Amino acid sequence: MKMIRSVAIVALMTGCAIATMDVRPASAITLMDFIRGGRERTRERAYPAQPMPGYGMMAPHRLEDRAVTKPPRVSSPRYYTYKPEQMRRIATDRLVDPVVTGSVQSYGFPPMLRIPLADARQFLPQVEVRAPADVAKAVEAFYGGRTDFVWIDGNGANARARSALAVLADAAKTGLDPADYAVAVPADDFDRADMVAREKDLVRFEIAMSAAVLTYVQDTVRGRVDPNKISGYHDFKRKSVDLVAFLDKAATSGDVAALMEERSPKSPQFLALKQELERLRADTDAAPRIEIAPGTLLKPGDNNPELANIVAGIKLKASEALKTEHAVVLAGYQGTPEYTPELVSLVEAFQKEQGLKADGVVGQASIRVLTGGDTTASKINKIEIAMEQARWLPDGLGNRYVFINQPAFMAYYTDQGAEQFSMRVVVGTKANQTYFFHDEIQTVEVNPYWGVPQSIIVNEMLPKLRSDPSYLDRMGYQVEVGGRVVPSYAVDWYGSTNSIAVRQPPSSDNALGELKILFPNSHAIYMHDTPSKSFFKRDQRALSHGCVRLAEPRRMAAAVLGVSMDDVGKEIAQGHNRALPVPQKVPVYVSYFTAWPNKDGKVEYFNDVYERDMYMDRAFEATRKARQQAEG
């Protein structure tokens, strides 16, 4: 059993896109099983309810020996219907000790509104304030040990409350929803004949104010949305916030607004997003936009009426230098649909200037640039989502780290607080999505083995192996069952594959290329080289089984190892499989942002390749409804 577990761990650490498998677990196969071979297969036929991947010298190859069965499938993680945190009533009946000794005491009111504790006890249980569980618990703990108030005085809401209310009302500037923190403020004009009602309103305001402030503080630190409830592709430990300690500070602070704003993220990336959000909301300049029909695809030699809009977009977006260089072509174009060689050259020059693949093919990426990309409203939505997601990460990514942004199809290496280089990457397809998480780089493995993930063994290899058991032998793969190397043709591919490991030895056509960069995680995601270099020329690079392929793997390996690229090349040239430990672990952020600032602080926008923004919007809406219903 130890050997089987070790094989499973190796498969997990060396494969991509590991997922739940819809097959039954297998038992260990002993050496005697291997020796008895044929007799064990006879026993398997006698007890078909307990299939094993049994192997021997004479594995059954004929299809007629087996009933025709559909191979099992490995399922990918799924997206969930978001269930927001339930709001619960704050136990106001436990906030006052009913036992009063000595002289008559008050619950913090100045003389005009002083109330004996025994009287306050009569209406406190009637105060109905609901809050997220952590907030409700903190409010109860805070007031359970106090007899004074934080937010009210003899005139109603005090200066501290009004300062905090201004921050809550301005929550939108930090990407939050002010409606989540709305508190009804008791009117200054009230009926003095009904002091009990006034006192009850003030106590309710006190409790509601504390709940709103703590909810805001918790949201601004860790976000409104629990990412792990969005999908199985999200993996984050939610940040904890000491809410009681914050309320203690607020009770004595001379500037509660500064205290609240101090808890907002301070990273350069978050501040750039915040600044961009403010700019977008203040932008009233109706800049001209070019409209190009959705789905347009223009290739050299085509005839397409959208060509006129494409040329108009180039006139609007291209640099003056480019327009001067192609002035004759631009001046001579009469709006015809023929995509002539002269116009192809114009488009190629524009694509090159914009950092796109200069092939003259006008597709999704080129159209996005020509039309100006997202509308202001969609940009604001992407910024708000990005600010929420940024709260899932540490506030400050560090002085040295690797940042992978999947929608950008890019990886960035930062050292000493400055971006040193970036490179194109390939990430998972929509069916095999790359996860969203962060970890630490620990190892660079040169001349790696590729441990084939169970998802690929089951979904892609198994159908071939059932008709051709020698398939893996011919392809040069190594097969292990229960930790023992066996021929592919000797494996019974109709049983469970749980104890079967398949790996590809180091070679020029190894799926991982020359090296891989490991940051051990439960999703078996890592960065690696690839023999499929042509993929990096594409603009849309969601093409892998889930791992991250690097355009310049030696450069990234050298950076995290702290050595030269020549040193990495020498290690590879030795031809041996070797694990090189990283001297100091490097944080790596495998992220998903459709809006994110570049090294100069300018926010760039990207296509939502996995449609995750849609699920974020749904989570926001579910959270909003849950909180509004609780308030109502």
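A quick note: this is a predicted structure, and the numbers were derived from the prediction, not measured.
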Do Leu298 and Val361 pass the side chain to side chain contact (heavy atoms under 4.5 Å, CB included) test, and can you show the C-alpha distance, the side-chain angles, and the key distance before you say yes or no?
CA-CA 6 Å; Leu298 180 66; Val361 177; over 6 Å; no
Kindly indicate, with the supporting measurements, whether the criterion side chain to side chain contact (heavy atoms under 4.5 Å, CB included) is fulfilled by Arg88 and Lys137.
CA-CA 10 Å; Arg88 78 163 175 86; Lys137 183 178 178 181; 4.0 Å; yes
Check the pair Glu85, Lys229 against salt bridge (Lys or Arg N to Asp or Glu O under 4.0 Å), reporting the backbone distance first and the verdict last.
CA-CA 10 Å; Glu85 183 177 4; Lys229 291 182 179 180; over 6 Å; no
Test log, rule side chain to side chain contact (heavy atoms under 4.5 Å, CB included), inputs Leu370 and Ile292:
CA-CA 8 Å; Leu370 289 165; Ile292 298 175; 4.0 Å; yes
Can you list the steps and then say if Phe593 with Leu393 is a side chain to side chain contact (heavy atoms under 4.5 Å, CB included)?
CA-CA 12 Å; Phe593 290 93; Leu393 302 177; 3.9 Å; yes
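Geometric assessment of Arg541 against the ring of Phe536 yields a negative cation-pi assignment under the 6.0 Å and 45° thresholds. With Tyr615 as the aromatic partner, Arg612 does not meet the cation-pi criteria of under 6.0 angstrom to the ring centre and within 45 degrees of the ring axis.
In this structure the side chain of Glu206 reaches within 4.5 angstrom of the side chain of Tyr143, judged on heavy atoms. With contacts defined as side-chain heavy-atom distances shorter than 4.5 Å, the pair Leu176/Tyr181 qualifies. Proximity of Ile517 to Val402: side-chain heavy atoms (C-beta onward) are nowhere separated by under 4.5 Å. Within the 4.5 Å cutoff, side-chain heavy atoms of Gln442 are placed close to those of Lys585. Counting heavy atoms from C-beta outward, Phe149 and Asn158 have side chains that stay 4.5 Å or more apart. Within the 4.5 Å cutoff, no side-chain heavy atoms of Val241 are placed close to those of Phe246. Taking the side chain as every heavy atom from C-beta outward, Leu543 and Arg538 approach each other to under 4.5 Å. At a threshold of 4.5 Å between non-hydrogen side-chain atoms, the residues Pro394 and Tyr589 count as touching.
With hydrogens and angles ignored, the 3.5 Å screen pairs no side-chain donor or acceptor of Ser253 with any backbone N or O of Lys249. Counting only distance, with no hydrogens or angles, the side chain of Gln269 and the backbone of Ala390 share no donor-acceptor pair below 3.5 Å. Side chain of Arg618 to backbone of Tyr82: no donor-acceptor contact under 3.5 angstrom is found. Distance alone, capped at 3.5 Å, is enough to place a donor-acceptor pair between the Ser544 side chain and the Gly428 backbone. Between the side chain of Gln433 and the backbone N or O of Ala431 there is no donor-acceptor pair closer than 3.5 Å. With hydrogens and angles disregarded, a donor-acceptor distance shorter than 3.5 Å links the side chain of Asn598 to the backbone of Asp600. Between the side chain of Glu388 and the main chain of Val225, a donor-acceptor pair closer than 3.5 Å is present. With hydrogens and angles ignored, the 3.5 Å screen pairs no side-chain donor or acceptor of Tyr333 with any backbone N or O of Leu343. Checked by atom type and distance alone, the side chain of Arg160 never pairs as donor or acceptor with a backbone atom of Val256 at under 3.5 Å. At least one donor-acceptor pair closer than 3.5 Å links the side chain of Arg238 to the backbone N or O of Gly223.
Heavy-atom minimum distance, Cys547 versus Thr434: O-OG1, 4.4 Å. Nearest heavy-atom pair across Ser532 and Arg549 is CB-NH1, 4.2 Å. Taking every heavy atom of both residues into account, Val609 and Ala542 meet most closely at CG2-CB, 3.8 Å. Residues Gln218 and Leu243 approach most closely at OE1-CD1, 3.7 Å, considering heavy atoms. Contact between Val425 and Ala411 at its shortest, heavy atoms only, is CG1-CB, 3.5 Å. For the pair Asp395 and Ser264, the tightest heavy-atom approach, listed with the atom from each and the gap, is OD2-O, 4.2 Å.
Note that the OG atom of Ser210 and the CG atom of Leu247 stand 4.5 Å from one another [nearest 0.5 Å]. Residue His523 holds its NE2 atom at 8.5 Å from CG of Asp439, rounded to the nearest 0.5 Å. Between Ile383 atom CD1 and Leu273 atom CG the span is 5.0 Å, to the nearest 0.5 Å. If you take CG on Leu214 and CG on Asp134, they are separated by 10.5 Å, rounding to the nearest 0.5 Å. Here the OG1-CZ distance, from Thr81 to Arg78, works out to 8.0 Å after rounding to the nearest 0.5 Å. To the nearest 0.5 Å, atoms CG (Asp539) and CG (Asp359) are separated by 7.5 Å.
Annotation: Lys599, atom NZ; neighbour count of heavy atoms from other residues, nucleotides and ligands within 6.0 Å does not exceed 12. Around atom CD of Gln364, no more than 12 heavy atoms belonging to other residues, nucleotides or ligands sit under 6.0 Å away. Within 6.0 Å of the NZ atom in Lys266, the count of heavy atoms belonging to other residues, nucleotides or ligands exceeds 12. For Lys352, the NZ atom counts as loosely surrounded, since its 6.0 Å shell holds 12 or fewer non-hydrogen atoms of other residues, nucleotides or ligands. More than 12 non-hydrogen atoms from other residues, nucleotides or ligands lie less than 6.0 angstrom from NZ of Lys323. With a 6.0 Å radius and a threshold of 12 heavy atoms from other residues, nucleotides or ligands, Gln354 has its CD atom above the threshold. Within 6.0 Å of CD in Glu278 there are 12 or fewer heavy atoms belonging to other residues, nucleotides or ligands.
Between the side chains of Ser378 and Asn381, no donor-acceptor pair of N or O atoms lies under 3.5 Å. Under the 3.5 Å distance criterion, with hydrogens and angles disregarded, a donor-acceptor pair is assigned to the side chains of Asp608 and Tyr592. Side chains of Gln351 and Ser366: a donor-acceptor N/O pair is present below 3.5 angstrom, by distance only. Under 3.5 Å, the side chains of Tyr605 and Glu276 contain a donor-acceptor pair of N or O atoms.
For Asn309, the side chain to side chain donor-acceptor pair (under 3.5 Å) partners are Glu306, not counting sequence neighbours. Every ring-ring contact (aromatic ring centres under 6.0 Å, His included) that Tyr233 has, sequence neighbours left out, goes to Tyr79, Tyr435.
Ring-plane geometry between Trp392 and His234 is classed as perpendicular, the angle between the planes exceeding 60 degrees on a 0 to 90 degree scale with a lower cut at 30.
For residues 404-416, every residue pair satisfying the side chain to side chain donor-acceptor pair (under 3.5 Å) rule, not counting sequence neighbours, is listed here: Arg400-Tyr413.
The distance between the ring centers of Phe436 and Phe236 falls below 6.0 angstrom.
Here the options are Lys274, Arg391, Lys173, Arg281, the test is salt bridge (charged side-chain N to carboxylate O under 4.0 Å, His left out), and the partner is Glu384; only Arg281 passes.
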